[in-house]
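Notes follow the structure.
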Amino acid sequence: MTTIKDFHRRSIQDKEGFWGNEAKRIDWHKPFSKVLEYSKPPFAKWFVGGETNLCHNAVDRHLAERGEQKALVWISTEVDKEESYTYRQLHAEVQRVAAMMVSLGVGKGDRVIIYMPNTPEAVFAILACARIGAVHSVVFGGFAAASLAARIDDAKPALMVTSDGGSRMGKPVLYKALVDESIKLSQFPPKSVLVFRRGLDANMPVVAGRDVDWVELAGKHKGAQVPCAWLESNEPSYILYTSGTTGKPKGVQRDVGGHAVAMAASMEYIYCGGPGETIFTTSDIGWAVGHSYIIYAPLIAGMTSIIYEGVPIRPDPGVWWKIVQDHKVKVMFSAPTAIRVLKKSDISWLKKYDLSSLKHLFLAGEPLDEPTHAWISEGLGKPVIDHYWQTETGWPVLTAMPGVEQTPIKFGSPSFPAYGYDLKLLRESDSSEAGADEKAVVVIEPPLPPGCMSTLWNDDARFVKTYFSTIPGRVLYTTFDWGIRDKDGYYFILGRTDDVINVAGHRLGTREIEEAVNMHPGIAECAVVGVADQLKGQMPMAFAVVKDPAQVASPEGRMKLEGEIMKTVDKQLGAIGRPSRVFFVALLPKTRSGKVLRRSISALAEGRDPGDLTTIEDPASLEQIKTALKGASKGTP
Ligand code: ATP
Ligand code: MG
């Protein structure tokens, strides 16, 4: 066995040798002539001249050996349904949808916007695009019409695919109605809209001549055979917009060959998932995690992938662990935000089912605070791996790699740079390399490894300007995250570079303060933001969600808990990090991917406009912040 250190070093020093070898994991219709072409930095081209197809590698390739194995298991606790598809069945379904798309005039290079809930049909549609070489752009269901319209105008789709509706906490969420509204707002509407009816919107509007009923069209394409289109490795496979936590979302474009190779390699080295084994990724297909680890990586690896429609606590907080037991899940992937939801329930829920099949739980998307990391690790009795990545990278940048070497986990740390990433921590002051325990900006020396974004859709200039032009005089990829490496070489992400606050000349990452607040046993989660202060420049202000709301029902209770939290912060971080106030709310404003909208909170606290809120999960959360702040100005906590 090699060590992570050696493995990483080899991946950086001999990029072509390393990735040329990894490329053997997938089928190539035509072999590539060059592993890496990097003549026009920062644009990297991987496996140049090679021809392949993502759908072939995810589906067709497995038919001979595992045609009767389950490829996809759909579990919906929203509509109480479970369906599964073998690789052979998936192959048939995908070909049928591919034929349907072709009949609607979709061809190679055309964009298809998929706006659907977590359902098998969404997966068929995604793979059908890959099969015919159309570029899919999955948009997370539930975005406001204006957000969807902006994406339509950016991608200019030939087709949109949607459902009548989805369901959340048992309530229908209308998809098709919103598609209609967004099309009205857009300048480049698609010719056709393919609609899969689930019976969730009895009054679903239909636009004659444009809307096409999925089931009706599918009836005409039973048993269809549609060959895979062979694409040059660097042609676009999909566009995916970032979460939009920090402003206008960016249309991340991914390639074909590099993406397939990165997916296959990560499944072995990072996730330790192999053919015939089961993975359960709780994400939505609309996010990068869903693309990579519900669909592409598991299927390319020949695994059984569980796609889940529902929340972690319905019908009860044991629902996910029952799935792990019943389906013998080996690899599980979720987000800190979900674990914090579970943390509000009793820990005994984690111990109720037989989890002997589970090897690891992976978490990504937001900083995983130490108390939550410890809570879930102890509750499950399994290694819980925090790992850090971005929509832009498509797979982990910082992570433990148990498939390469078993390394001890440090709570609160996403461990080490993954192979392929030449990661650096640079001082903000002069861009020199930071030493141990020194806060710095996380950057990556390009070329970015296979699987990362190739550019921003239709906007090479913005790609270069946004990501590679922030460090003067150098071409480096900026993550816009703030990090630190301890003496043992473990990395910690301290939040986004624009989340750093300046208290009387001291620079503090809001995450550090959040971490300290979370140390109080009564707190489920919290957000800390910087608020302008005449004396100190900025002061941290905390908004916390308590595990037991009864604790903060009275003004006395709130005052007492606020005092305790301030003491906890003093003890953990020193008085410099102590929040000026701690407010208690029932929920935090988050994006639909579970990321806290710290910028909007701090704007409200400073009496400014909270900015673009189209990605917010629940607008009621902002009202809570406003109410809390209003109470404060009247003098009651
Ligand atoms: P936008 O770029 O449009 O503002 P976004 O950055 O929220 O949106 P994503 O690509 O979904 O969109 O999120 C990536 C970011 O999430 C990272 O840059 C980092 O800030 C945060 N993140 C992800 N995983 C972790 C982790 N394990 N620890 C800390 N932060 C994480
Ligand atoms: Mg980002």
Side-chain angles (χ1 to χ4, degrees), residues 138-140 143 147 150-151 154 240-252 254 270 283-284 286-293 333-340 361-370 372-373 376 384-400 409-418 421 423 441-444 452-453 456 462-463 466-467 470 477-484 490-500 509-512 514-515 527 589-600 611-617:
V138 185
V139 176
F140 178 72
F143 270 131
S147 319
R151 286 158 176 79
D154 197 55
L240 179 61
Y241 294 87
T242 57
S243 310
T245 310
T246 56
K248 188 179 163 223
K250 302 167 276 273
V252 166
R254 198 109 45 225
I270 300 172
S283 169
D284 191 279
W287 305 124
V289 175
H291 282 58
S292 292
Y293 296 107
F333 187 156
S334 191
T337 180
I339 307 303
R340 289 186 199 115
L361 168 64
F362 291 85
L363 299 173
E366 267 268 277
L368 177 61
D369 57 283
E370 209 182 307
T372 303
H373 201 167
I376 186 73
V384 174
I385 298 184
D386 175 22
H387 60 336
Y388 157 85
W389 51 295
Q390 305 184 304
T391 305
E392 289 87 341
T393 66
W395 60 284
V397 176
L398 286 169
T399 185
I409 298 291
K410 268 197 198 187
F411 291 148
S413 162
S415 297
F416 316 110
Y421 292 96
L423 194 110
V441 182
V442 182
V443 305
I444 302 165
C452 289
M453 71 190 313
L456 287 176
R462 187 173 174 214
F463 171 68
T466 303
Y467 295 104
T470 56
Y477 174 86
T478 317
T479 61
F480 298 103
D481 287 308
W482 193 247
I484 198 166
Y490 281 78
Y491 286 70
F492 294 80
I493 294 292
L494 303 177
R496 295 160 192 267
T497 46
D498 56 3
D499 280 343
V500 167
T510 49
R511 166 169 185 192
E512 298 168 83
E514 286 171 6
E515 188 92 30
K590 293 182 181 181
T591 64
R592 290 189 170 87
S593 52
K595 295 168 195 298
V596 175
L597 287 159
R598 295 184 184 78
R599 277 180 127 194
S600 307
D612 181 8
L613 292 171
T614 48
T615 61
I616 197 167
E617 159 94 27

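For ligands, and for the atoms within them, numbers begin at 1 and follow the listed sequence. Since we're looking at a predicted model, the values are computed, not measured.
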**Contact (N/O only, under 3.5 Å) between His387 and ligand 1** = yes
**Prompt:** By number and element, which atoms of ligand 1 are closer than 4.0 Å to a non-hydrogen atom of Ile493?
**Reply:** 29 (C), 30 (N)
**Message:** Below the 3.5 angstrom mark, is there an N/O of Lys250, backbone or side chain, next to an N/O of ligand 1?
**Reply:** yes
**Asked** Which value, rounded to the nearest 0.5 Å, describes the distance between Glu392 atom CD and Lys250 atom NZ?
**Response** 6.0 Å
**Message:** Would you say the rings of Trp389 and Tyr421 are close, in the sense that their centroids are separated by under 6.0 Å?
**Reply:** no
**Request:** Answer yes or no for Glu392: is there a heavy-atom contact with ligand 1 below 4.0 Å?
**Result:** yes
**Request:** Answer yes or no: does an N/O atom from Leu368 fall short of 3.5 Å to an N/O atom of ligand 1?
**Result:** no
**Message:** Tell me whether the rings of Tyr467 and Tyr477 are parallel (<30°), tilted (30 to 60°) or perpendicular (>60°).
**Reply:** parallel
**Message:** Restricting to salt bridge (charged side-chain N to carboxylate O under 4.0 Å, His left out), what partner residues turn up for Glu370, sequence neighbours left out?
**Reply:** none
**Prompt:** Does ligand 1 have an atom that lies less than 4.0 angstrom from a heavy atom of Pro414?
**Reply:** no
**Request:** Working to the nearest 0.5 Å, report the span between CG of Leu423 and OG1 of Thr479.
**Result:** 7.5 Å
**Asked** Can you list the ligand 1 atoms lying under 4.0 Å from a non-hydrogen atom of Gly365?
**Response** 16 (O), 21 (C), 22 (N), 23 (C), 24 (N), 25 (C), 31 (C)
**Item:** Value rounded to 0.5 Å, distance of CG in Leu398 from OH in Tyr490
**Value:** 12.5 Å
**Request:** Ignoring hydrogens, just give me the one of Thr591, Thr393, Asp481 whose non-hydrogen atom is nearest atom 18 (O) of ligand 1.
**Result:** Asp481
**Item:** Under 4.0 Å to a heavy atom of Thr391 - the qualifying atoms of ligand 1, by number
**Value:** 9 (P), 10 (O), 11 (O)
**Prompt:** At a non-hydrogen distance cut-off of under 4.0 Å, which region of Lys595 contacts ligand 1 (side chain, backbone, both, or neither)?
**Reply:** side chain
**Message:** Can you tell me which residue among Lys595, Lys590, Arg511, Arg598 is in a salt bridge (charged side-chain N to carboxylate O under 4.0 Å, His left out) with Glu366?
**Reply:** Arg598
**Request:** Kindly identify the option in Trp389, Trp482, Tyr491 whose heavy atom sits closest to atom 23 (C) of ligand 1.
**Result:** Trp389
**Prompt:** Can you find a heavy atom in the side chain of Ser283 that is under 4.5 Å from one in the side chain of Phe333?
**Reply:** no
